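No experiment lies behind these values; they were computed from the predicted model shown. For reference, positions follow the sequence shown, starting with 1.
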Amino acid sequence: MTIDKDVIKIISNARSVVFFTGAGISAESGIPTFRGKDGIWNKLRPEELANFDAFMRNPKLVWEWYKHRMEIVHKSEPNAGHLAIAEMQNMFDKVTVVTQNIDNLHIRAGSKTVYELHGNIERNYCVKCKQFFNKDFDISKGAPMCKCGGLIRPDVVWFGEYLPEDQFTAGDNAARQCDLFFIVGTSGVVYPAASLIFTAKNNGATLIEINIEPTEVCSSVNYSLYGKSGSILPELIKLIKDFRDNKD
Ligand code: OAD
Ligand code: ZN
């Protein structure tokens with residue numbers, strides 16, 4: 001795709017940049033998205049797998065599903081999109097990633113400031129004493145149990161649960177303070193995460209969406225760049241460098 005020169009100018013002149021990301025940025029790493037044609041929620045029911053009551057009813061089933069997802073994540077590598085975002089840390093005064101993904105790929109790609117709104121699949125905690133665990137549990141005999149007798153669960157946000165307050169507050173502050181807010185590979189329909197888009201807009205940031213197709217929020221953004229994030233983001237790096245080189 002050709003990217004408008006005006007857009008490149010705005011990006012190149014930005015100082016504080018936020019990347020708000022969703023499942024689409026990890027699609028090219030082989031991790032399935034939630035919505036759309038091959039989306040997870042087309043085949044599986046979130047109320048059975050991503051819900052606290054369902055977990056307490058059938059912890060083994062929920063654990064098996066998260067184990068399966070963890071295996072996919074462990075086999076995957078950050079793709080050109082994640083790597084481009086990490087590289088952009090050298091190109092702007094401030095780069096913040098606010099992600100809805102639990103796959104840890106931004107951190108593995110080298111991004112330093114990453115706020116995880118929906119948790120991280122690599123972490124677990126006890127529902128009773130809240131102790132955290134960072135290990136791979138054997139679930140062949142059922143869901144893992146804590147010494148205190150409580151069930152251990154993945155540290156991810158399920159439907160109906162609050163987002164981790166520190167992560168949301170930090171993401172919200174970044175959205176308020178940035179001058180450029182990218183919305184990458186998210187359908188923008190899950191709240192409160194998606195509210196950050198409007199927080200950034202109401203505080204004067206330019207919004208640029210990168211997605212393979214128009215989304216719920218496309219009418220609210222300043223520019224939409226359609227294509228795969230793994231192609232567009234590296235292309236942006238090249239265009240920003242060209243723009244800055246030719247300026248002086
Ligand atoms: P969705 O599955 O809702 O949306 C993925 C978006 O990525 C869609 O808009 C796709 O068009 C786009 N997409 C797919 N491949 C792409 C690519 N290669 N490049 C760019 N865009 C691409 O995923 P999320 O918006 O992340 O919540 O979903 C939000 C939340 O809903 C998730 O965090 C999860 C889910 O239920 C929880 O688990 C709490
Ligand atoms: Zn415990």
Side-chain angles (χ1 to χ4, degrees), residues 1-22 24-26 78-101 105-117 163-186 188 192-211 215 217-248:
M1 75 174 296
T2 48
I3 301 174
D4 206 276
K5 198 93 201 262
D6 291 345
V7 183
I8 298 305
K9 187 175 173 189
I10 289 170
I11 300 174
S12 303
N13 290 332
R15 304 173 74 91
S16 175
V17 184
V18 170
F19 290 92
F20 175 65
T21 67
I25 193 160
S26 296
N79 65 53
H82 300 105
L83 295 169
I85 291 176
E87 189 178 338
M88 286 197 215
Q89 292 172 132
N90 304 322
M91 302 173 70
F92 298 98
D93 288 353
K94 191 170 175 199
V95 171
T96 306
V97 177
V98 184
T99 189
Q100 298 163 89
N101 299 343
L105 289 179
H106 283 297
I107 291 169
R108 283 174 59 195
S111 283
K112 300 269 186 286
T113 308
V114 182
Y115 300 120
E116 296 170 321
L117 300 181
L163 305 194
E165 204 183 325
D166 57 336
Q167 302 294 296
F168 185 78
T169 304
D172 189 70
N173 283 336
R176 275 171 211 285
Q177 288 158 14
C178 70
D179 42 35
L180 180 58
F181 189 90
F182 281 101
I183 303 155
V184 188
T186 176
S195 68
L196 297 185
I197 297 168
F198 302 96
T199 302
K201 188 180 169 75
N202 294 337
N203 283 277
T206 301
L207 306 190
I208 301 181
E209 176 179 52
I210 299 176
N211 202 297
T215 66
V217 297
C218 65
S219 57
S220 303
V221 304
N222 299 91
Y223 302 98
S224 292
L225 306 178
Y226 293 119
K228 292 184 172 181
S229 45
S231 308
I232 293 185
L233 288 162
E235 176 71 10
L236 287 182
I237 291 187
K238 205 173 126 295
L239 294 170
I240 298 164
K241 284 184 176 158
D242 288 350
F243 179 89
R244 289 180 178 168
D245 286 349
N246 293 332
K247 216 169 74 172
D248 9 76

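- Atom CG of Leu180 and atom NZ of Lys94 lie 13.5 Å apart (nearest 0.5 Å).
- Residues Val184 and Ser229 share a closest heavy-atom pair of CG1-CB, 3.6 Å.
- The two atoms that bring Asn211 and Gly185 nearest to each other are ND2-CA, 4.0 Å, heavy atoms only.
- Shown here for Ile197 and Phe181, the closest heavy-atom pair between the two residues is CA-CE2, 3.7 Å.
- Side-chain contact check for Phe182 versus Ile11: some heavy-atom pair is nearer than 4.5 Å.
- Between Arg15 and Phe92, the shortest heavy-atom distance links the atoms O-CB, 3.7 Å.
- When side chains are defined from C-beta on, His82 counts as touching Ser26, because their heavy atoms get closer than 4.5 Å.
- Using a 4.5 Å heavy-atom threshold, the side chains of Ile25 and His106 count as touching.
- Side chains of Leu233 and Glu87 form no contact here, defined as non-hydrogen atoms less than 4.5 Å apart.
- Ala86 and Gly110 make their closest contact through CB-C, 3.9 Å (heavy atoms, listed as atom of the first residue, atom of the second, distance).
- The distance from the OG atom of Ser231 to the CG atom of Leu225 is 12.0 Å, given to the nearest 0.5 Å.
- Side-chain atoms of Asp179 never come within 3.5 Å of backbone atoms of Ala205 as a donor-acceptor pair (strictly under, hydrogens ignored).
- The CD1 atom of Ile210 lies 7.0 Å from the CZ atom of Phe19; values are rounded to the nearest 0.5 Å.
- A 4.5 Å side-chain heavy-atom check between Ile10 and Tyr223 finds at least one atom pair inside the cut-off.
- Rounded to the nearest 0.5 angstrom, Thr186 OG1 and Phe20 CZ are separated by 5.0 Å.
- Checked by atom type and distance alone, the side chain of Asp93 never pairs as donor or acceptor with a backbone atom of Ser16 at under 3.5 Å.
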*Does the side chain to side chain contact (heavy atoms under 4.5 Å, CB included) test come out yes or no for Tyr115 and Thr169, once each step is laid out?*
CA-CA 9 Å; Tyr115 300 120; Thr169 304; over 6 Å; no

_Does Thr21 form a side chain to side chain donor-acceptor pair (under 3.5 Å) with Thr99? I'd like the steps, not just the answer._
CA-CA 5 Å; Thr21 67; Thr99 189; 2.7 Å; yes

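- In this structure, CD1 on Ile240 lies 9.0 Å from CD1 on Ile3, to the nearest 0.5 angstrom.
- The closest donor-acceptor contact from the side chain of Arg244 to the backbone of Ser12 lies under 3.5 Å.
- Inter-residue side-chain proximity for Leu117 and Leu196 is flagged as met; some heavy-atom pair is nearer than 4.5 Å.
- In this structure, CD on Glu165 lies 11.0 Å from CG on Asp172, to the nearest 0.5 angstrom.
- Annotation: side chain of Ser111 is in contact with side chain of Gln89 (closest heavy-atom distance under 4.5 Å).
- Taking all atoms of both residues into account, the shortest heavy-atom contact from Pro192 to Phe168 is O-CE1, 3.8 Å.
- Annotation for Lys201: atom NZ counts as buried by contact number, over 12 foreign heavy atoms lying within 6.0 Å.
- Looking at heavy atoms from C-beta onward, Cys178 lies out of side-chain contact with Thr96 at the 4.5 angstrom threshold.
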